[in-house]
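To keep things clear, I will list the structure first and then write my remarks on it.
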Number of protein chains: 2
Amino acid sequence: MVVGSISEDEVDRLFRALADATRRDIVARVLVAEYSVSGLAELYDMSFAAVQKHVAVLERASLVTKEKRGREQIVRGEMDGVQNARRLLDDYERIWRRRVDRITDILAEDAEDEH
Amino acid sequence: MVVGSISEDEVDRLFRALADATRRDIVARVLVAEYSVSGLAELYDMSFAAVQKHVAVLERASLVTKEKRGREQIVRGEMDGVQNARRLLDDYERIWRRRVDRITDILAEDAEDEH
DNA sequence: GTAACGTACAACCACATGGTTGTAGGAAGC
DNA sequence: GCTTCCTACAACCATGTGGTTGTACGTTAC
């Protein structure tokens, strides 16, 4: 594993947080620009409290951070969280490639056995 | 978006499927070698039915495929599914980099305004 | 000071999820 | 044939999730 510092629970939270279209949209938006929680809430056809919960889920997954500014709470995208998730999937791809290489090797040995 | 052919529901299923440690372990294993469902069930401290459900979740997320062989059902890792997930995260990184580039441009313009 | 705004949080509801046990059916072994 | 193995699926239960409304509190504006 490349990302050894991240616990299974954290990975659970990470992927769980990404498994909702509204939350993915929030992440995409706050990676581009800053939004207050209420600013985000205006964008979706649901209550403020619902959006607030989504932001909380993303925050627990380290995909966004909140910073108090006056009476507003500014939400920013946390690229590290996204990269962690991406690296985990890279690990799977690496595992798979190793397998493919191994099979290729075996086939090569078999070919040598032929003669 | 790079992966335009994949629906929001499919993305939901994809990340949802990856948001469980047992399921991630199953994916990692079946990417390396073939397992029957009962072969997988032996590995975990839970009922056969529970493992069967996990496999079903992974199958619906296109992360594994099942193939009947005799009385067994062989589970194989589906690398395309993993790559789809990874590409989605690449999109976020791309969004973020565009933003960083844009900010860098603005800063450069400001620097020119200085003199 | 007071009204309006932005946020936090609790309580509640419907529904999905992760687990269990039990039942049933097809394939392999004897 | 009969038994055993592997699988599928239904029913059930506890818990979590995504949504709602209502209440409370700090901050800004007037």
Side-chain angles (χ1 to χ4, degrees), chain A residues 7-30 33-77 85, chain B residues 7-30 33-77 85:
Chain A
S7 74
E8 288 294 287
D9 276 8
E10 285 172 313
V11 181
D12 284 7
R13 279 197 294 274
L14 197 51
F15 284 124
R16 192 79 190 69
L18 288 168
D20 180 281
T22 304
R23 285 197 292 264
R24 285 193 301 275
D25 192 68
I26 291 175
V27 170
R29 286 179 185 275
V30 298
E34 294 180 348
Y35 282 85
S36 66
V37 180
S38 57
L40 285 170
E42 287 172 12
L43 302 170
Y44 308 102
D45 187 26
M46 64 181 75
S47 68
F48 171 81
V51 175
Q52 201 182 5
K53 276 193 186 181
H54 281 308
V55 173
V57 170
L58 291 170
E59 198 181 10
R60 261 178 280 142
S62 304
L63 284 167
V64 307
T65 54
K66 280 194 300 188
E67 187 197 342
K68 200 161 184 172
R69 195 158 70 193
R71 66 182 160 185
E72 289 186 326
Q73 199 79 264
I74 303 301
V75 184
R76 286 200 191 81
Chain B
S7 75
E8 288 294 284
D9 276 8
E10 285 173 312
V11 181
D12 284 7
R13 281 198 293 273
L14 196 50
F15 284 124
R16 191 80 192 68
L18 288 168
D20 180 282
T22 304
R23 285 198 292 263
R24 285 194 300 275
D25 192 69
I26 290 175
V27 170
R29 286 179 184 275
V30 298
E34 292 179 350
Y35 283 85
S36 66
V37 179
S38 58
L40 285 170
E42 287 172 10
L43 301 170
Y44 309 101
D45 187 26
M46 64 182 76
S47 69
F48 170 83
V51 174
Q52 201 181 5
K53 277 192 184 181
H54 281 307
V55 173
V57 171
L58 290 170
E59 199 181 10
R60 261 178 280 141
S62 303
L63 283 167
V64 308
T65 52
K66 281 194 300 188
E67 188 196 343
K68 200 162 185 172
R69 194 159 70 194
R71 66 180 162 186
E72 290 185 328
Q73 198 80 263
I74 303 300
V75 184
R76 287 200 190 81

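Chain letters run A, B, ... following the sequence lines, proteins first and then strands; every chain starts at 1.
Shortest non-hydrogen contact noted between A:V27 and A:L63 is CG2-CB, 4.4 Å. The two residues A:M46 and A:T22 have their closest heavy-atom pair at CE-OG1, 3.7 Å. Annotation for B:A61 and B:R13: closest pair CB-O, 3.5 Å, computed over non-hydrogen atoms.
Note on B:T22: nothing from the nucleic acid sits closer than 4.0 angstrom, heavy atoms only.
Taking atom CZ of A:F48 as the reference point, atom C1' of D:dG18 lies 16 Å away to the nearest angstrom. When the C1' atom of C:dG19 is taken as reference, atom CG of B:D20 falls 11 Å away, rounded to whole Å. For the pair A:E59 CD and C:dA8 C1', the interatomic distance rounds to 12 Å; values are reported in whole Å. Regarding B:R13, its CZ atom lies at a distance of 18 Å from the C1' atom of D:dT17, rounded to whole Å. Nucleotide D:dT15 holds its P atom 18 Å from the CZ atom of A:R16, rounded to whole Å. Rounded to an integer number of Å, the gap from A:R60 CZ to D:dG16 P is 12 Å. Between the CZ atom of B:R69 and the C1' atom of D:dT7 there is a distance of 15 Å, given to the nearest Å. When rounded to the nearest whole Å, the span between NZ of B:K53 and C1' of C:dG19 equals 7 Å.
Across D:dT20, C:dA8, C:dT20, the shortest atom-to-atom separation from the side chain of A:A49 is found for D:dT20. Between C:dT20, D:dT7, C:dG6, one nucleotide has an atom nearer to the side chain of B:M46 than all others, and that is C:dT20.
OP1 or OP2 of D:dA8 has at least one side-chain nitrogen or oxygen of B:Q52 nearer than 4.0 Å. The shortest distance between the side-chain N/O atoms of A:S47 and the OP1/OP2 oxygens of D:dT20 is below 4.0 Å. Listed pair A:K66 / C:dA8 meets the phosphate criterion, a side-chain N or O lying under 4.0 Å from OP1 or OP2.
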For nucleotides 24-26 of chain C, which of its nitrogen or oxygen atoms have a protein nitrogen or oxygen under 3.5 Å away, and what is each distance?
none

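Side-chain N or O atoms of A:R24 include one that pairs as donor or acceptor with a backbone N or O of A:L18 at under 3.5 Å. In this structure a side-chain-to-backbone donor-acceptor pair under 3.5 Å is missing from A:E59 to A:T65.
Two residues are said to be in side-chain contact when any heavy atoms from C-beta on lie closer than 4.5 Å; A:F48 and A:V37 meet this criterion. For the pair B:R16/B:R23, a side-chain contact is recorded, criterion being any heavy-atom separation below 4.5 Å from C-beta on.
When each of B:G39 and A:R23 is assigned the nucleotide of DNA chain D with its nearest heavy atom, B:G39 is the one assigned upstream, toward the 5' end.
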